[in-house]
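When a ligand or atom number is given, it counts from 1 through the structure's own listing order. None of these values were measured; they are calculated from a predicted model. Because only heavy atoms are used, hydrogens play no part in the values below, and waters and symmetry mates are left out as well, while side chains stay in.
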Amino acid sequence: MIPVTKPFLPPREEYEAYIRGIWDRNWLTNNGPLVNELELQLKEYLQVPNLLYVGNGTIALQIAIKALGLSGEIITTPFSYVATTSSIVWEGCKPVFTDIDPETLNIDPTKIEAAITPKTSAILATHVYGNPCDIDAIQEIADRHGLKVIYDAAHCFGSKYKGQSVFAYGDVSTASFHATKLFHTTEGGAVFARDPEVLKRMQYMRNFGHDGPERFAGIGINGKNSEFHAAMGLVNLKYVNGIIESRKQLSETYDVYLSEVKGRKVGFTKNSDFNYGYYPLVLESEDLLLAVFAKLNSREIFPRRYFYPSLDTLPYVQKSQVPVSRDVACRTLCLPFYVGLSKEEVSLICRLILQVQKNQ
Ligand SMILES: *Cc1c(COP(=O)(O)O)cnc(C)c1O
């Protein structure tokens with residue numbers, strides 16, 4: 001069986017060494033020493049001034065929306081994981097979908113301005129597959145209209161824009177360290193903010209609003225993460241450069257074997273470094289996609305339609321005119337892509353895809 005992804009697991013002894021320390025200290029959660037250590041090491045690795053480790057990438061988005069005090073309408077992308085949209089609705093705001101760029105599959109900045117109304121408070125965009133949005137163009141629009149910018153940077157560990165971590169951009173950026181992501185802590189996530197005041201608010205919010213045991217700075221939620229999760233992160237961080245390197249090689253192997261495919265890869269954003277988070281293929285038609293899907297499944301190979309469906313079709317949002325997102329969501333397949341996937345397996349997957357294409 002070849003799944004779309006397999007979580008990276010480090011050598012068990014290295015994880016167990018951290019676990020022994022947890023037993024010695026009897027400190028399991030609530031901003032423990034391993035959580036602090038992970039935050040320090042992540043700052044260092046990513047070269048960002050600050051971040052907060054939280055429970056997951058979804059609570060990160062919800063805390064970001066709350067901490068920026070957003071209300072009314074939030075302009076967002078329909079081509080993302082459901083958590084991007086559901087977090088907006090969960091926080092009592094209305095998602096307004098803007099169509100995507102057909103090359104990068106990120107929100108198309110040239111379409112944002114037409115969607116701005118007096119009720120718009122922010123833009124929430126996803127750096128799709130770890131490929132950065134046109135950050136400069138989005139920031140320029142936000143500045144002109146006094147809007148906040150949140151980036152769902154769930155896929156972006158190791159991605160850079162103009163030589164700097166993608167997490168450094170926007171009023172708040174959020175990351176996911178879920179088991180399926182390139183760098184993971186089993187479950188986990190982070191928020192990044194350039195304004196220290198916003199960061200401070202998020203720090204309170206992550207811990208029920210506690211300002212000391214008997215005082216509360218404002219409304220909060222349980223957004224904390226545990227020592228066990230931080231331990232997984234500390235071990236995995238030692239391997240992350242190797243993880244990115246082996247994904248780069250897999251990606252190059254796919255590129256060679258798929259040079260004849262009727263479809264294309266996602267276009268990279270200028271001035272950016274990609275982290276090889278995913279291997280998406282935008283096929284020529286949905287018919288071809290379905291045939292490829294069935295063929296691969298019959299050989300116990302399980303790619304994933306990601307992202308599908310376009311989020312403007314969710315039952316709890318208003319339908320929108322986003323033809324590019326609708327079209328791309330129907331034709332995009334993420335191929336199996338993980339450390340440990342062999343060249344032979346990649347070759348088999350590609351041969352099957354090309355076979356289906358020939359018989360269409
Ligand atoms: C994974 C993901 C999330 C959610 O992160 P969790 O840690 O699973 O809560 C949000 N947005 C995008 C784009 C994602 O891929």
Chemist: Would you say ligand 1 has an N or O under 3.5 Å from any N or O of A83?
Modeler: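 The answer is no, given that A83 and ligand 1 share no N or O pair closer than 3.5 Å.
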Chemist: Would you say Y53 and N31 are linked by a side-chain donor-acceptor pair, where the criterion is simply a distance under 3.5 Å?
Modeler: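 Short answer, no.
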Chemist: In ligand 1, which numbered atoms sit nearer than 4.0 Å to a non-hydrogen atom of G188?
Modeler: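 Checking each atom against G188, I get 7 (O).
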Chemist: Check N56 against ligand 1 and report side chain, backbone, both or neither, counting heavy atoms closer than 4.0 Å.
Modeler: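 Answer for N56: both.
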Chemist: Under 3.5 Å, is there a donor-acceptor pair between the Y161 and N131 side chains?
Modeler: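 Per modelled atom types, Y161 and N131 side chains form no pair under 3.5 Å.
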Chemist: Any idea which atoms of ligand 1 are less than 4.0 Å away from a heavy-atom of G57?
Modeler: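 Ligand 1 atoms under the 4.0 Å threshold to G57: 5 (O), 6 (P), 7 (O), 9 (O).
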Chemist: CZ of R144: more than 12 outside heavy atoms within 6.0 angstrom?
Modeler: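 More than 12 heavy atoms, drawn from other residues, nucleotides or ligands, come within 6.0 Å of this atom.
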Chemist: Run down the list H127, Q62, H184, H178 and name the one with the heavy atom closest to atom 8 (O) of ligand 1.
Modeler: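 It is H178 that holds the nearest heavy atom.
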Chemist: Looking at atom 9 (O) of ligand 1, what's its closest protein heavy atom, distance included?
Modeler: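 Atom 9 (O) of ligand 1 sits closest to the protein heavy atom T58 OG1, 2.6 Å.
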Chemist: Would you please indicate if the ring centroids of Y338 and F8 are separated by under 6.0 Å?
Modeler: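 No.
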Chemist: Tell me the protein heavy atom at minimum distance from atom 2 (C) of ligand 1, and give that distance in Å.
Modeler: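 Protein heavy atom at minimum distance: K181 NZ, 3.0 Å.
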Chemist: With the 4.5 Å side-chain cut-off for hydrophobic clustering, are F307 and L105 part of the same group?
Modeler: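 The answer is yes; both residues are in one hydrophobic cluster.
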Chemist: If I take atom CZ from residue R247 and atom CG from residue L182, how far apart are they, to the nearest 0.5 angstrom?
Modeler: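 The distance works out to 4.5 Å.
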Chemist: Would you check the N or O atoms of Y278, main chain and side chain alike, for any that come under 3.5 Å of an N or O of ligand 1?
Modeler: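 No, since none of the N or O atoms of Y278 sits under 3.5 Å from an N or O of ligand 1.
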Chemist: Report yes if Y306 has an N/O atom closer than 3.5 Å to an N/O atom of ligand 1; otherwise report no.
Modeler: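 Yes - when backbone and side-chain N and O of Y306 are compared with those of ligand 1, one distance drops under 3.5 Å.
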Chemist: Looking only at protein heavy atoms, identify the closest one to atom 15 (O) of ligand 1 and say how far it is in Å.
Modeler: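 Closest protein heavy atom to atom 15 (O) of ligand 1: H155 NE2, 2.7 Å.
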Chemist: Taking it one step at a time, do Y254 and C350 satisfy side-chain contact (heavy atoms from CB on, under 4.5 Å)?
Modeler: CA-CA 7 Å; Y254 265 123; C350 297; 3.5 Å; yes
Chemist: Is K181 positioned over the aromatic face of F177, cation under 6.0 angstrom from the ring centre and no more than 45 degrees off axis?
Modeler: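 Pair K181/F177 does not count as cation-pi.
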Chemist: Among all protein heavy atoms, pick the one closest to atom 5 (O) of ligand 1 and tell me residue, atom and distance.
Modeler: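 Here the nearest protein heavy atom works out to S176 OG, 3.2 Å.
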Chemist: For atom 12 (C) of ligand 1, which of the options S80, A60, A154 provides the nearest non-hydrogen atom?
Modeler: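 It is A154 whose heavy atom sits nearest to atom 12 (C) of ligand 1.
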Chemist: Is there a side-chain hydrogen bond (donor to acceptor under 3.5 Å, both in side chains) between Q139 and D143 once you walk through the steps?
Modeler: CA-CA 6 Å; Q139 193 59 54; D143 288 345; 3.0 Å; yes
Chemist: What protein heavy atom lies closest to atom 11 (N) of ligand 1? Include the residue and the distance to one decimal.
Modeler: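 For this ligand atom, the closest protein heavy atom is D152 OD2, 2.7 Å.
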Chemist: Should Y81 be counted as touching ligand 1, given the test is an N or O pair under 3.5 Å?
Modeler: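 No, since none of the N or O atoms of Y81 sits under 3.5 Å from an N or O of ligand 1.
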Chemist: Quick one: do K248 and E252 make a salt bridge, cutoff under 4.0 Å?
Modeler: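 E252 and K248: salt-bridged.
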Chemist: Under 4.0 Å, heavy atoms only, figure out whether ligand 1 is touched by the backbone of E187, its side chain, both or neither.
Modeler: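 Within the 4.0 Å criterion, E187 makes no contact with ligand 1.
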